[in-house]
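To start, the structure itself, in structure tokens.
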Amino acid sequence: MPQETFSSHYDHKKIEHATQQHWERTAAFKAVEDAGKKKYYCLSMFPYPSGKLHMGHVRNYTIGDVLTRYHKMNNYNVMQPMGWDAFGLPAENAAIANKVPPAKWTYDNIAYMKKQLQSLGFAIDWSRELATCKPDYYKWNQWLFLRMLEKDIAYKKTQVVNWDPVDQTVLANEQVIDGRGWRTGAVVEKREIPGYYLAITQYANELLSDLDTLDNWPERVKLMQANWIGKSTGVRFAFRHDIKGDGGELINDGKLWVFTTRADTIMGVTFCAVAAEHPLATHAAKNNPELAAFIEKCKSGSVMEADMATMEKEGMRTGLFVTHPLTNEQIEVWVGNYVLMSYGDGAVMAVPAHDERDFAFAKKYKLRIKPVILPEGLTSAQGQPRTASSAIPMESLWDGDWHPGFATHSELWNSGKYNGLTYEQAIDAVAADLAAKNLGEKKVQWRLRDWGISRQRYWGCPIPIIHCDSCGSVPVPDDQLPVVLPDDCVPDGSGNPLNKLPSFLNCNCPKCNKPARRETDTMDTFVDSSWYYARFACPGNDNAMVDERADYWMTVDQYIGGIEHAILHLLYSRFWTKVMRDLKLVSYREPFSRLLTQGMVLNHLFSRRSDATGIEWFAPEEVDLQHDASGRVTGALAKHDGKPVDYGGFGTMSKSKRNGVDPNAMIEQYGADTCRFFMMFTSPPEQTLEWSDAGIEGSYRFLKRIWAFGNVFANEVRSKLPAARTLASAKLPDDLAALRRETHLLLKQANYDLGKQQFNTVASACMKMLNALEKAPKDSAIAAEVIEECFGILLRVLSPITPHITHALWVELSYGDDILTAPWPEPIEAALVQDEIELVLQVLGKTRGSIKVPASADNKAIEAIAVASETAQRYMEGKPAKKIIVVPGRLVNIVV
RNA sequence: GCCCGGGUGGUGAAAUUGGUAGACACAAGGGACUUAAAAUCCCUCGGCCUCACGGCUGUACCGGUUCGAUUCCGGUCCCGGGCACCA
């Protein structure tokens, strides 16, 4: 291209438009299976089409794009697809607010967000696009669900849900605010309804042990998953009783079963607590109106674990007693609001001396406390344990003076035949004695619970079941799949509109052909996202869920998404993969070989609460901030009415909380390359980011300087380049050798950082390269050659982050036709060598200066140079060196 | 409450995770160029003491290990994420 047409102005719109057209023309990102090439499947978590992109999306997809382009330039056959996690609650909320069908709202959002993604220049193969709300996708959710039913992995049981008594509808946890319904303000009740579950617990062992094979997953994610699965070995045992029900039969065969991980403290049991729904509680409440009222109260409130764990622990006596299996003591039974019927057997033993929660409960209700574990530091040989002031009583009501602690590392005391045993020994002995009486045994308990997938919601994948009065719940036959969701309903907030839609509801029983009723519950949207990565690998197949193309692309080589998905989505996907493997649909055990968990992009949260309207969120641009003296945000006033709003600190950018930042304005003003560069430069990918656009100017300036240097190259450097390059054998003058050395050093560092997936320092390295280039002499042929090499390195290292400007310059400056197909640069060792190195000089660990030593000097020589140096002599004050520490290439420390 | 992260200048951060704390930027202040402005370029920029040379101190807080600690250990505080029906 002639020099005069190379604009001196950095016109990002023109450059980005032209470059994106070039990619489209060359189908640059179309991924084709090629067995002869190493493949790289790079996947970012697909977005929920909430309306518009926010900065978290820009961050996520830029990271994925940088990795995709970096691997493409490293000669991998790359595939980066994109799709839409299109079912979900926000579409129904929008329908309630605007009376638009969720389908229309969703598809409009997809169209808009797709444009936004395209304007950012991501290397996406759009021919693989999918949306989970389309029947050709969710058909396979239904198909696999039916296979799971056949294998007893899917089954039906009751589930506890949040029930809004005014709207007569099930609420999502998000719709429960301070124990009340979000729209009605009514106190939420717990309600038991039937639902379908997937038996993820059947895979608990494998989900736990296979974590060890995920070498390229962040440790913290594996740790969180392991804790979530929560394998613990304990003892399940029974208290005996002779409490009879109305028909004269023994309730639960005369046994009250409990599970404990602390069977070593079984001799310290002073009461039991059962859930409000437990048969013993129900029985006791029959003639006890006060207890019946308490049980009713327990049934109100949220079902969330966090609420359960933080709420005030309350209980009430049942008046019933059970018999301790080892001591035959009579143990009183309480109803506790903190005991969940859905966990274990819905009952717990209580040892107030050694369990924090039981201790608080015993204090509150003045119950007996019996310590059975010695305080730390004591042994049974020392007899009666004491606190500082008095002997610890064998058994007492709490008097506010002593506390035996909750540790497991001391030996038993006050426990009869078990005295002196350790934690492990005691559990073995207790389990053996219980087993001998046929009243208990060791049991592995998992914290993990089966996955309830039924949602009483419209905008989701229909569960393919038909209810028949004669045949019960009948699976929809495969040839009638998919069960298509009508896409023109408008939910109004009072339950699932499918229940009012005869054309959907009414059908015939597949077994007996009598009129029957279609299931109206839909699937949890986590089902949709549990296998989409496999479908990207084989789009368009209407005859199979996955095919042989997936064998080529799977597993996902790099998965990128928010840390907030560390447990649920990633665990469900791993589970789904294992089920598909057992059905012989796929051959791999794990879906994602390498995982990068991006830190969240946070923004200020502002809200206002009222009983009438529930909670109302304000966007940051709708309020004026108030600060305290030190500049911290303390509150805000709404711009439209000047009244205060509550400041909620920082939180994840989300549609529902209205604190997302739309990248459009920024792309419009500065261009995609600047936005991408700024996002990568501003913080490392895994770190939480409190959003601020301060600094975007600097990124823009940098790209302008890159463009300006391109002009310098075209106008001042190119003409000096010799026809035959001599750089490989040339002896360079010092300033050019230094430039070349610095560039290759920075390249080495950038390659190292890319391996670590730390992109902010890669961006820094590019800035440093440009700083060095701008200072370089440009007055000779050899200078032109060094600049040509160094700028070529800079353009390629920068290109995954800012692909448009680097492509344009690469072509303009005749480096090649397409930077995407250029080889990734590697540092040249010869450019890195130096004769002399500088070491830091410390005396007694304090930095006092530096010394220069020949690069070839050994430790002895370095020590001699260090001690002889003027600086060392000054700070050693004539004392002899006691010890000299040499850290090669870094420092010398003289200890006197 | 439980599990997992994080806390370094006015700001975003760096330090190949036991070896020069603050690279690279943003903001601010000063200067050059300009009729002026913008743009661009140069300089200063943790705190305290010092005319300066330089010294002391400093990586949330308290304590420890070490010749040497942002990095390791013990404790505390604060912030973020997850807690199974937001996605």
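Convention: sequence-line order gives letters A, B, ...; per-chain numbering from 1. This one's a predicted model, so the numbers in the text were calculated from it and none came from an experiment.
- Taking the six-membered ring for Trp, A/W576 and A/Y203 have ring centres at least 6.0 Å apart.
- On a pure distance criterion of 3.5 Å, no polar donor-acceptor pair joins the side chain of A/Q175 and the base of B/C86.
- A close approach under 4.0 Å does occur between a side-chain nitrogen or oxygen of A/Q758 and OP1 or OP2 of B/A15.
- Using a distance-only test at 3.5 Å, with no hydrogens or angles considered, a donor-acceptor pair links the side chain of A/Y533 to the main chain of A/S530.
- For the pair A/R874 and B/G54, the criterion of a side-chain N or O lying under 4.0 Å from OP1 or OP2 is not met.
- If you check B/C51 for Watson-Crick or wobble pairing at under 3.5 angstrom, you find it has no partner at all.
- The shortest distance between the side-chain N/O atoms of A/Y875 and the OP1/OP2 oxygens of B/G55 is below 4.0 Å.
- For B/A25, one of the phosphate oxygens OP1 or OP2 lies less than 4.0 angstrom from a side-chain nitrogen or oxygen of A/N771.
- Within the shown strands, B/G31 is the pairing partner of B/C41 under the Watson-Crick or G-U definition, both distances less than 3.5 Å.
- With its glycosidic angle more than 90° from 0, B/G30 adopts the anti conformation.
- In this structure, A/K756 reaches the B/A15 phosphate: one of its side-chain N or O atoms is under 4.0 Å from OP1 or OP2.
- If you take CG of A/N227 and P of B/C3, they are 8 Å apart, rounded to a whole angstrom.
- A salt bridge links A/R447 with A/E305: at least one charged nitrogen is closer than 4.0 Å to a carboxylate oxygen.
- Not one side-chain nitrogen or oxygen of A/T847 sits closer than 4.0 Å to the OP1 or OP2 atom of B/G19.
- Taking atom CZ on A/F681 and atom C1' on B/A23, their separation rounds to 10 Å, with Å as the unit.
- At the phosphate of B/A13, OP1 or OP2 sits under 4.0 Å from a side-chain N or O atom of A/Q687.
- Using a 4.0 Å heavy-atom cutoff across all strands shown, A/Q159 reaches at least one base atom of the nucleic acid.
- Using the six-membered ring where Trp is involved, A/H12 and A/Y700 have ring planes that are perpendicular, over 60° apart on the 30 and 60° scheme.
- The phosphate of B/C86 has neither OP1 nor OP2 within less than 4.0 Å of any side-chain N or O from A/S654.
- Positionally, the nearest nucleotide of RNA chain B for A/F650 lies more toward the 5' end than for the other of A/F650 and A/R455.
- Here B/U11 sits opposite B/A25 as a Watson-Crick or G-U wobble pair (both hydrogen-bonding atom distances under 3.5 Å).
- Among the heavy atoms of the strands, none lies under 4.0 Å from A/D753.
- Ring pair A/Y670/A/F678: centre-to-centre distance not below 6.0 Å.
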